Amino acid sequence: MSSVKIAVAMSGGVDSSVAALLATKDNKNALGVTMSVFEGASEQDSIDAAAVAKRLGFEHITLDLSAEFADTVMRYFADSYIAGETPNPCVFCNKAIKFGVLFDRVNALSCDIIATGHYARTKKDASGRILLEKAVFTEKDQSYVLWQLSQSQLASARFPLGEYTKPQVREIAAEYGFASSDRPDSQDICFVPDGNYRRFIEEFTGRIFPEGDFVGTDGKLWGRHNGLIGYTIGQRKGLGISAPAPLYVIRKDVEENRVYLGAHEELFSKRVELRNINLIAVEKLDAPLRVTAKTRYSQKESAATLIQTGESTAVLEFDEPQRAVTCGQSAVFFSGDTVVGGGIIM
């Protein structure tokens with residue numbers, strides 16, 4: 001038996017169940033861990049995860065991280081929307097909770113490694129630096145949501161699914177009789193399963209967000225909006241206004257409580273300023289670097305030049321204009337399959 005004790009983050013779903021199987025095939029010195037992170041989370045998830053752990057021959061526990069989750073991820077989500085941004089809570093959760101608070105808790109239980117069901121890979125380069133790489137199955141690649149991880153976090157992380165396709169994972173789950181083998185993938189933010197961000201933010205903060213003006217980028221008044229938190233850049237539907245040509249949300253002004261509307265072509269930009277950058281492949285950039293990059297999870301990568309402008313700031317200059325670049329979202333940059341790093345769009 002290996003002397004290294006491995007923790008496996010288990011949600012009860014197919015990906016984390018198969019990750020647990022693969023991570024512990026040659027090492028039963030393991031601990032299955034399910035996080036309870038918000039009120040109303042399914043108890044069945046923990047029951048399913050415990051059943052998988054028992055089947056695989058190792059202990060399972062459930063940790064209540066709801067207070068930490070609310071103080072970090074939920075607070076970050078609400079504060080970002082209130083500031084006029086559109087956040088990536090999953091990106092923040094991976095750094096602050098899964099590979100932060102959760103790892104600290106299991107590390108105190110003598111676990112040196114934490115495995116998750118993310119579709120991604122890591123490897124060590126010649127200098128000893130830990131690199132984050134895309135999954136072999138690019139359709140499910142989740143390296144985008146892991147860009148904030150530090151070198152120490154990546155060194156402790158294992159991603160057993162990085163070399164597998166989703167159909168292969170489902171096949172393995174079915175072969176072992178896991179109840180989750182045919183369960184559909186979750187598409188929503190876990191703590192807002194109905195997608196009603198406005199209701200969540202109002203309930204979480206106890207605030208009601210006032211109406212304000214819809215204003216054209218040319219200064220024309222188009223009507224009243226129902227509160228800034230209900231709109232995002234690029235939105236066309238649900239504005240509740242009548243115009244002779246389609247109008248889109250171009251930007252939001254928190255101080256003026258205004259939503260600015262304009263034509264489709266006004267959504268495009270080539271220069272993207274970033275804050276809170278985290279470089280993974282290198283310690284810093286001494287010169288502009290050619291990369292491919294994307295400014296949202298579902299987007300295809302586009303050619304760009306990355307320029308570091310400060311210790312925690314950078315600029316992406318895209319070769320072709322990008323649509324609806326949105327403050328608060330993550331821009332992630334790649335060199336082939338390797339994640340160079342990422343930053344928060346300003």
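Here the structure is a predicted model, which means the values were calculated and not measured.
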Worksheet item: For V291, what are the other residues in its hydrophobic cluster, where any two members join if their side-chain heavy atoms are less than 4.5 angstrom apart?
Response: V272, L274, I277, L279, V282, L285, L289, L306, L316, F318, V325, F333, V340, I345
Worksheet entry | D141 to A135 - nearest heavy-atom pair and separation | OD1-N, 2.9 Å
Worksheet item: Is the backbone N or O of W147 less than 3.5 Å from a side-chain atom of N278, with the two atoms forming a donor-acceptor pair by type?
Response: yes
Discussion item. Tell me if a side-chain donor or acceptor on S16 pairs with a main-chain N or O of S11 at a distance below 3.5 Å.
Written reply: yes
Discussion item. As an exercise, state the distance from CZ of R258 to CG of L221, rounded to the nearest 0.5 Å.
Written reply: 8.0 Å
Item to complete: Give a yes or no answer on whether the side chain of N88 reaches the backbone of V145 with a donor-acceptor pair at less than 3.5 Å.
Response: no
Worksheet item: Do you know which two heavy atoms are closest between E317 and R271, and how far apart they sit?
Response: OE2-NH1, 2.8 Å
Discussion item. Can you list everything that forms a salt bridge (charged side-chain N to carboxylate O under 4.0 Å, His left out) with D253? Sequence neighbours excluded, please.
Written reply: none
Worksheet item: With no hydrogens and no angle check, do the side chains of R275 and T313 hold a donor and an acceptor under 3.5 Å apart?
Response: no
Worksheet item: Where is the tightest heavy-atom contact between A20 and F58, given as atom of each residue plus distance?
Response: CB-CZ, 4.1 Å
Practice prompt. Heavy atoms only: give me the nearest L109-K5 pair and the separation to one decimal.
Written response: O-NZ, 3.6 Å
Worksheet entry | Test side chain to side chain contact (heavy atoms under 4.5 Å, CB included) applied to L22 and Y164, step by step | CA-CA 11 Å; L22 297 172; Y164 291 81; 3.6 Å; yes
Worksheet item: Would you say R121's side chain and K134's backbone share a donor-acceptor pair under 3.5 angstrom?
Response: yes
Worksheet item: Is there a path of hydrophobic side-chain contacts, each under 4.5 Å between heavy atoms of I, L, V, M, F, W or Y residues, that connects I82 with V254?
Response: no
Worksheet item: Is the backbone of K95 close enough, under 3.5 Å, to the side chain of Q153 for a donor and an acceptor to pair up by distance?
Response: yes
Worksheet item: Does L267 belong to the same Ile/Leu/Val/Met/Phe/Trp/Tyr cluster as Y260, with side-chain heavy atoms less than 4.5 Å apart forming each link?
Response: no
Worksheet item: With no hydrogens and no angle check, do the side chains of T62 and S36 hold a donor and an acceptor under 3.5 Å apart?
Response: no
Worksheet item: Can you check side chain to side chain contact (heavy atoms under 4.5 Å, CB included) on D48 and F178, steps first, answer last?
Response: CA-CA 9 Å; D48 291 345; F178 295 159; over 6 Å; no
Worksheet item: Which heavy atom of Q322 sits nearest a heavy atom of Q299, and at what distance?
Response: OE1-NE2, 3.5 Å
Discussion item. Against Y119, only a single residue in T138, D15, T165 fulfils side chain to side chain donor-acceptor pair (under 3.5 Å); can you say which?
Written reply: D15
Worksheet item: Is a side-chain donor or acceptor of Q329 paired with a backbone partner of T86 at a separation under 3.5 angstrom?
Response: yes
Worksheet item: Could you give the distance from CZ (F209) to CG (N257), rounded to the nearest 0.5 Å?
Response: 10.5 Å
Practice prompt. Check for a donor-acceptor pair, side chain of T326 on one end and backbone N or O of A324 on the other, with a separation under 3.5 Å.
Written response: yes
Practice prompt. Take T116 and F159 through the side chain to side chain contact (heavy atoms under 4.5 Å, CB included) test and state the conclusion after the steps.
Written response: CA-CA 6 Å; T116 71; F159 305 120; 3.4 Å; yes
Worksheet item: Can you say whether the rings of Y81 and Y197 are parallel (under 30°), tilted (30 to 60°) or perpendicular (over 60°)?
Response: tilted
Item to complete: Evaluate the ring planes of F191 and F200, with Trp represented by its six-membered ring, and classify them as parallel (under 30°), tilted (30 to 60°) or perpendicular (over 60°).
Response: tilted
Worksheet, complete the sentence: In this structure, CZ of F99 is separated from OG of S152 (nearest 0.5 Å) by 11.5 Å
Worksheet item: Does the Q148 side chain pair with the main chain of L146, one donor and one acceptor, at a distance under 3.5 Å?
Response: no
Worksheet item: For F214, does the CZ atom have more than 12 heavy-atom neighbours from other residues, nucleotides or ligands under 6.0 Å away?
Response: yes
Worksheet item: Centre of Y297's six-membered ring, under 6.0 Å away, within 45 degrees of the axis: is that where NZ or CZ of K294 sits?
Response: yes
Worksheet item: Where is the tightest heavy-atom contact between G262 and I250, given as atom of each residue plus distance?
Response: N-CG1, 3.2 Å
Discussion item. Would L149 and I280 count as a side chain to side chain contact (heavy atoms under 4.5 Å, CB included) here? Give the steps.
Written reply: CA-CA 8 Å; L149 298 190; I280 297 175; 5.6 Å; no
Worksheet entry | Test item: E266 side-chain N/O and A263 main-chain N/O as donor-acceptor pair under 3.5 Å | yes
Discussion item. Is it the case that over 12 heavy atoms from other parts of the model lie below 6.0 angstrom from the CD atom of E175?
Written reply: yes
Worksheet item: Within the distance-only criterion (no hydrogens, no angle test), does the side chain of E163 pair as donor or acceptor with the backbone N or O of V136 below 3.5 angstrom?
Response: no
